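The structure appears below as structure tokens.
None of these values were measured; they are calculated from a predicted model.
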Amino acid sequence: MRIAIRIGTLAIEAELNETPTAQSITAALPLRTSFHTWGDEIYFAIPVDAELDESAQDVVELGDLGYWPPGKALCIFFGQTPVSQSGQIMPASAVNVIGKILGDATQFKKVMREREVVIEAQPVGD
């Protein structure tokens, strides 16, 4: 499933995978909420409760979308976090990888001072 993520003037597409956590997030769309930053990560609480699954990783790739069970949060990874080491992008603890940004994830650096994120499903054919 493709989704649109909007923060301030930035609108970027992402694709969610077929994991149960990603499907739960899809069912919770649309979302409009405030967000926090942690290094080059944007995260925000969502109305989804899931445990770590087979997609869980302690190191993620640039542009990965993750679900962090301790905070019931969706995470957008677009660079190093405060715990990253030797060029790796590391969440605070393992996340379920639920999708990937389509395009240049580093664009999120431009909107870190904004206050709100909107996530919506993309209509089929867009």
Side-chain angles (χ1 to χ4, degrees):
M1 149 135 331
R2 285 200 177 191
I3 60 172
I5 302 171
R6 285 196 304 277
I7 300 175
T9 59
L10 178 66
I12 198 160
E13 286 189 355
E15 190 161 47
L16 298 183
N17 58 33
E18 298 294 325
T19 63
T21 304
Q23 291 172 352
S24 294
I25 291 168
T26 299
L29 297 179
L31 296 169
R32 178 183 295 265
T33 187
S34 60
F35 65 87
H36 305 280
T37 60
W38 190 58
D40 286 345
E41 173 189 339
I42 287 173
Y43 69 97
F44 45 93
I46 59 174
V48 171
D49 189 6
E51 300 296 323
L52 290 176
D53 63 23
E54 70 280 351
S55 73
Q57 295 182 19
D58 292 315
V59 177
V60 297
E61 299 295 324
L62 179 69
D64 277 352
L65 299 176
Y67 174 80
W68 187 53
K72 296 182 182 179
L74 194 149
C75 309
I76 303 169
F77 297 99
F78 53 95
Q80 301 286 292
T81 69
V83 296
S84 292
Q85 300 174 13
S86 63
Q88 296 179 325
I89 300 173
M90 300 176 71
S93 59
V95 296
N96 293 342
V97 175
I98 54 111
K100 186 90 173 167
I101 296 297
L102 302 174
D104 183 4
T106 63
Q107 293 296 305
F108 285 101
K109 292 180 184 195
K110 298 177 181 177
V111 295
M112 293 175 69
R113 295 193 192 284
E114 296 289 337
R115 299 180 185 268
E116 186 176 67
V117 59
V118 176
I119 300 183
E120 298 174 312
Q122 285 288 89
V124 175
D126 268 4

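Counting only heavy atoms from C-beta outward, the side chains of Asp40 and Phe77 never approach each other to under 4.5 Å. Glu13 has its side chain out of reach of Ile3: every pair of non-hydrogen atoms, C-beta onward, lies at least 4.5 Å apart. Between Leu65 and Val60 there is no side-chain heavy-atom pair separated by less than 4.5 Å. The side-chain heavy atoms of Val117 and Ile5, taken from C-beta on, include a pair separated by under 4.5 Å. Side-chain atoms of Thr106 and Phe108, non-hydrogen and from C-beta on, never get closer than 4.5 Å to each other. Side-chain contact between Lys110 and Leu10 is absent, with no heavy atoms from C-beta onward closer than 4.5 Å.
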Please assess Asp53 against Thr21 for the test side-chain hydrogen bond (donor to acceptor under 3.5 Å, both in side chains), listing each intermediate value before the final yes or no.
CA-CA 8 Å; Asp53 63 23; Thr21 304; 3.2 Å; yes
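Contact record, Gln80 with Gln85: OE1-N, 4.5 Å, taken as the closest heavy-atom pair. Residue Asp104 comes nearest to Ile12 through the heavy atom pair O-CD1, 3.6 Å, listed as atom of the first residue, atom of the second, then distance. Shown here for Pro69 and Ala94, the closest heavy-atom pair between the two residues is CD-O, 4.0 Å. Taking every heavy atom of both residues into account, Ala45 and Gly71 meet most closely at CB-O, 4.2 Å. Residues Leu29 and Ala121 come closest through the heavy atom pair CD1-N, 3.9 Å. The heavy-atom pair separating Ser55 from Thr19 by the smallest distance is CB-CG2, 4.3 Å.
Under 4.0 Å is where a charged nitrogen must lie from a carboxylate oxygen, and between Glu120 and Arg6 at least one such pair does. One finds no salt bridge joining Glu15 and Lys100 here, because no Lys/Arg side-chain nitrogen approaches an Asp/Glu carboxylate oxygen to under 4.0 Å.
For the atom pair Asn96 CG and Leu74 CG, the distance stands at 11.0 Å (nearest 0.5 Å). A distance of 5.5 Å separates CD1 of Ile119 from CG of Leu31, quoted to the nearest 0.5 Å. Note that the CG atom of Leu16 and the OG atom of Ser24 stand 11.0 Å from one another [nearest 0.5 Å]. With values rounded to the nearest 0.5 angstrom, Ser34 atom OG is found 8.0 Å from Glu116 atom CD. In this structure, the separation between CH2 on Trp68 and CH2 on Trp38 is 8.0 Å, given to the nearest 0.5 Å. Expressed to the nearest 0.5 Å, how far CD1 of Ile89 lies from CZ of Phe78 amounts to 10.0 Å.
In this structure, Ile101 is a member of the same hydrophobic cluster as Met112, with clusters built from ILVMFWY side-chain heavy atoms closer than 4.5 Å. Taken together through direct or relayed side-chain contacts under 4.5 Å among Ile, Leu, Val, Met, Phe, Trp and Tyr, Ile42 and Val48 form part of one hydrophobic cluster. Under the 4.5 Å side-chain heavy-atom criterion for grouping Ile, Leu, Val, Met, Phe, Trp and Tyr, Tyr43 is not connected to Val111 through any hydrophobic cluster. By the criterion of side-chain heavy atoms lying less than 4.5 angstrom apart, applied directly or through intervening Ile, Leu, Val, Met, Phe, Trp or Tyr residues, Met90 is not grouped with Val95; the two fall into different hydrophobic clusters.
Between the side chain of Asn17 and the backbone N or O of Ala22, no donor-acceptor pair lies under 3.5 Å. Between the side chain of Ser84 and the backbone N or O of Gln88, at least one donor-acceptor pair lies under 3.5 Å. Looking only at distances, no side-chain donor or acceptor of Thr81 sits under 3.5 Å from a matching main-chain atom of Pro91. Within the 3.5 Å criterion, the main-chain N or O of Glu51 finds no donor-acceptor partner in the side chain of Tyr67.
Ring-centre distance between Phe44 and Phe35: not below the 6.0 Å cut-off.
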